[in-house]
Chemist: 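Below you'll find the structure I mean.
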There are 2 protein chains.
Amino acid sequence: MCCYMNFKYINYQLLLLACGWLSATPIDKTDPSCYDCATLVHVRGSMSNNALRPSLADVAAKASVSVGTVSHVLNGNPKARIAQATQERIRRAADELGYRPNRFARSLAGKHVRSIGLMIPTLNNPFFISVAVVAQRRILDLGYEMVLDPIFAQEWAVIDHRRLGYWPVDGILMWTFTSQPTNEIFGAQASRMPIVYLGLMNDAYCSGVQVDFYTGMTRVLNHLIQRGRRNLAFVVPETVANKPSSDRRREAYFDAVKSLGGEIQILRYADDHEMANGRRIGLEVGALSARVRPDALVCYNDNVAIGVYHGLRAAGLSVPGDISLTGFDGIEEGQCLDNPLTTAMVPADLVCGAGIEMLIERIENPMLEQHTQIAIPTRLIVGATT
Amino acid sequence: MCCYMNFKYINYQLLLLACGWLSATPIDKTDPSCYDCATLVHVRGSMSNNALRPSLADVAAKASVSVGTVSHVLNGNPKARIAQATQERIRRAADELGYRPNRFARSLAGKHVRSIGLMIPTLNNPFFISVAVVAQRRILDLGYEMVLDPIFAQEWAVIDHRRLGYWPVDGILMWTFTSQPTNEIFGAQASRMPIVYLGLMNDAYCSGVQVDFYTGMTRVLNHLIQRGRRNLAFVVPETVANKPSSDRRREAYFDAVKSLGGEIQILRYADDHEMANGRRIGLEVGALSARVRPDALVCYNDNVAIGVYHGLRAAGLSVPGDISLTGFDGIEEGQCLDNPLTTAMVPADLVCGAGIEMLIERIENPMLEQHTQIAIPTRLIVGATT
DNA sequence: CTGAAAGCGCTTACAG
DNA sequence: CTGAAAGCGCTTACAG
């Protein structure tokens, strides 16, 4: 008998009790037939990951060639011309051993890491998920790997960006934030690290793909005005509301209200739990009497707008009957509402595609001293909330 | 003048035109004052990432010690006792150079990679985002890095899981899927790779944290039955509907309907674009006459349930007036609906926490031959949709 | 208390 | 057409 089953509880039961969960249910696998199952093997020797994997040297030995030759063949190095027969022998050996090159060793030895870091502000907004999905697909297609900045934090403030500094990358694709953390991350090397900004840039001396937030938001606002709305409130995250530098969406709102001769009304929310905070705002606005209530809520993005929508409805208001609602980004979730959201669609695929192209150009031409900036327009999507 | 600004368009314009976007708007940065901005530096020599970063050797040289000594100090190696003065000198040198250890080299040299791979089926379901967030936080706290399996694909089918095989990891935390891709990824090494399964396991000879889906779904169904619902339809993804092995949620549904003497009604949807597909199902059910319509829709998870909810409402039905609706998972988005969703809450933090504990135990005790399995219960959340 | 040295798994000129 | 060798930036016994 090569093993025994053992239901250990380590700290889990304490954990469960501490959290108020009734109890852990042990799984009943006492069936003796388990014991002659073939899937368990004896574990012997070092479990170091390195020991598990066949190396180039293993492949070389099996094919009776040198490691250099194997490397040339497997990487399709055009400078080395290896005999067809040898190539096939090597590929067969690699296949049989299930050889997978060790990325770490490859990066160490080569002059390129062949990977690109992506920084996005949060994973808790489906828009940035689609940015990551689209970026990764492009990056893989171009023969690079993507390293996602470990932004897996609920609160933006607690993220340790410097962590990305520990992952060797050839360059950074960065959806910009309220402040530029580049120096914080890369220290003195920041100025020499190829970086392409997405979304917006604070600086003329950088490369990046801007989204034309100003025009996009202006289109949204004009649409509301055309529909007769005059009393527009802007729903905006705290960090954007507070930051001294101008935000293009906020600018567009200010300009529109000014030219309308109306009153600026800012509704702020804490940045995390965007949808839940939006819902609370919707409830609060819904509780106002019709006289003082805005006739349209212009939201900073779709994610918060969805929450606001539900809050308004939960408060008994009709959208757009009693009040209009708009978002920004064009995420699928907004279009899945019973009344699809009116919004400005940001083409994440174009933004990422252009950004990656720029970045790889910079990586592959390190002497490049020119910077490239481009602005990509958004598209107004008229849904059923206006 | 050390640079010139140049608005290049490479393929972007073609891209934009091809996609039907009107035109790219060049950014007007012709202001000549740009040119004496100090942020641009001349780029000289190799831009290889390696060249950018100070190495251990640089720190050693600066502190006039050997690289071994620097390594001992910076890693706090308890076996080596280094003089306080030397330690301080080394730390100061590292600080001044902005030294960041190269993870790749460290992993190559050391016997542990100190990183854990996480595999989840999709990022397009907020539940799995929270799994990633929670897992990463725990993993970092324990001194490991997390490598997310590049599952950034819209369609589950196109994912190349073998890609994870290229990232050296000490072990794998895997939220299981319909089929176990372990062998596909790791080949012959699969049986020696420490793996902990989350969610469910097909095998007695593995370690993992099960979620008690059966009891959870049974609670949901009993709740509906208590509220007088008798005509229950099950909304389920195609892969689950088709797979031969039993799914615990599906089993619970079959058992409940059988004991009710009712009729099995399965509504399937394609796995990707879960929310949009759910909406379509909601619309279809809403179009049925009241006589043939189910009186409750039991959804496989919250993500699809949210779509169904909107579809039903868009079709003019009242939830729960005309029809009840339930989800599974307990994601925040479900609780943000105007009528919060009735669901079974899966405690992702407990599941991940226990799983990571198990995995690290296996990594650090490679000879361990016992397997640990535990089941974690879900909690019924009664919302406003039943 | 500190250093010299081997080695992790690769890539890449450079020989032959 | 293929191999021997240096080297990437670290860790870790092993000396001294």
Side-chain angles (χ1 to χ4, degrees), chain A residues 46-61 63-90 94 97 99-115 143 145 165-168 170, chain B residues 46 48-90 94 97 99-115 165-170 189:
Chain A
S46 167
M47 278 295 284
S48 106
N49 190 271
N50 296 335
L52 291 178
R53 311 166 71 110
S55 71
L56 253 201
D58 296 326
V59 178
S64 313
V65 289
S66 73
V67 290
T69 307
V70 178
S71 176
H72 288 138
V73 169
L74 263 32
N75 292 316
N77 186 336
K79 286 195 207 142
R81 305 247 41 128
I82 312 288
Q84 274 302 323
T86 314
Q87 294 206 19
E88 279 160 26
R89 197 149 33 90
I90 289 171
L97 289 172
Y99 172 71
R100 304 272 158 76
N102 182 324
R103 290 195 57 74
F104 291 1
R106 175 180 282 193
S107 299
L108 247 199
K111 46 180 172 228
H112 277 310
V113 181
R114 289 246 126 202
S115 75
E145 291 283 334
Y166 293 86
W167 290 95
D170 294 314
Chain B
S46 165
S48 107
N49 190 270
N50 296 335
L52 291 178
R53 311 166 71 108
S55 72
L56 254 200
D58 296 326
V59 179
K62 186 161 181 132
S64 314
V65 291
S66 73
V67 291
T69 305
V70 178
S71 175
H72 287 138
V73 170
L74 262 33
N75 293 315
N77 186 336
K79 286 193 203 140
R81 305 248 40 129
I82 312 287
Q84 273 304 323
T86 314
Q87 293 205 21
E88 278 160 26
R89 194 147 37 89
I90 289 172
L97 289 173
Y99 172 70
R100 302 273 157 76
N102 181 325
R103 288 196 57 74
F104 290 1
R106 176 182 280 193
S107 298
L108 247 199
K111 47 179 173 232
H112 277 308
V113 182
R114 289 246 127 200
S115 76
Y166 294 85
W167 289 95
V169 291
D170 293 315
Q189 308 147 26

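Each chain gets a letter, A, B and so on, in the order its sequence line appears, and its residues count up from 1.
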Chemist: Choose from D:dG9, C:dG9, C:dT2 the nucleotide whose nearest atom is closest to any side-chain atom of A:Ala105.
Modeler: C:dG9
Chemist: Return a table of donor-acceptor pairs under 3.5 angstrom between the side chains of residues 57-65 of chain B and protein atoms on other chains or two or more places apart.
Modeler:
| residue | atom | partner | partner atom | Å |
| --- | --- | --- | --- | --- |
| B:Asp58 | OD2 | B:Ser55 | N | 2.8 |
| B:Lys62 | NZ | B:Glu96 | OE1 | 3.4 |

Chemist: Which whole-number value in Å describes the distance from B:Gln84 CD to C:dT2 C1'?
Modeler: 15 Å
Chemist: List in chain and number order the residues that pass side chain to side chain contact (heavy atoms under 4.5 Å, CB included) with A:Ala105, two or more places apart in sequence or in another chain; answer none if no residue qualifies.
Modeler: A:Asn102, B:Leu108
Chemist: Whole angstroms only, please: what is the CZ-C1' distance between B:Arg81 and C:dT2?
Modeler: 13 Å
Chemist: For A:Tyr99 versus A:Pro54, what's the shortest heavy-atom pair and its separation?
Modeler: CD1-O, 3.3 Å
Chemist: Please report the distance, rounded to the nearest Å, between CG in B:Leu56 and P in C:dG7.
Modeler: 20 Å
Chemist: Just how far, in rounded Å, is P of D:dG9 from CG of B:Leu74?
Modeler: 16 Å
Chemist: Heavy atoms from C-beta onward define the side chain here; which of D:dT2, C:dG9, D:dG9 lies closest to that of A:Thr86?
Modeler: D:dT2
Chemist: Please round to the nearest 0.5 Å and tell me the distance separating atom CG of A:Leu74 and atom CD1 of A:Ile82.
Modeler: 11.0 Å
Chemist: Side chain of A:Leu108 only, please: which of C:dG9, D:dT11, D:dG3 is the nearest?
Modeler: C:dG9
Chemist: In whole Å, what is the span from the CG atom of B:Asn102 to the P atom of C:dC10?
Modeler: 16 Å
Chemist: The side chain of B:Ala83 is closest to which nucleotide in this list: D:dC10, C:dC1, C:dG9?
Modeler: C:dC1
Chemist: Considering just the side-chain nitrogens and oxygens of A:Asn75, establish if one lies under 4.0 Å of OP1 or OP2 belonging to C:dT11.
Modeler: yes
Chemist: What integer distance in Å separates A:Ile90:CD1 from C:dT11:P?
Modeler: 13 Å
Chemist: I need the CZ-C1' distance between A:Phe104 and D:dG7, as an integer number of Å.
Modeler: 19 Å
Chemist: Can you name the atoms? Protein N/O to nucleotides 13-16 of chain C N/O, anything below 3.5 Å, with the distance.
Modeler:
none

Chemist: If you only use heavy atoms from C-beta on, which nucleotide in D:dT2, D:dC10, C:dC10 is closest to the side chain of B:Arg106?
Modeler: D:dC10
Chemist: How does DNA chain D read in dot-bracket, base by base from 5' to 3', with Watson-Crick or G-U pairs under 3.5 Å and | used when the partner is on another strand?
Modeler: |||.||||||||.|||
Chemist: Check whether any side-chain N or O of B:Ser71 sits under 4.0 Å from OP1 or OP2 of D:dC10, and answer yes or no.
Modeler: no
Chemist: Only counting residues at least two apart or in another chain, list the ones meeting side chain to side chain donor-acceptor pair (under 3.5 Å) with A:Ser66.
Modeler: A:Thr69
Chemist: Please name all residues satisfying side chain to side chain donor-acceptor pair (under 3.5 Å) with B:Arg114, sequence neighbours left out, ordered by chain then number.
Modeler: none
Chemist: Starting at atom CZ of A:Arg89, determine the distance to atom C1' of D:dC1, rounded to an integer number of angstrom.
Modeler: 12 Å
Chemist: Among D:dG3, C:dG3, C:dC10, which nucleotide has an atom closest to any side-chain atom of B:Ser66?
Modeler: C:dG3
Chemist: On DNA chain C, check which nucleotide each of A:Thr69 and B:Thr69 is closest to and give me the residue with the more 5' one.
Modeler: B:Thr69
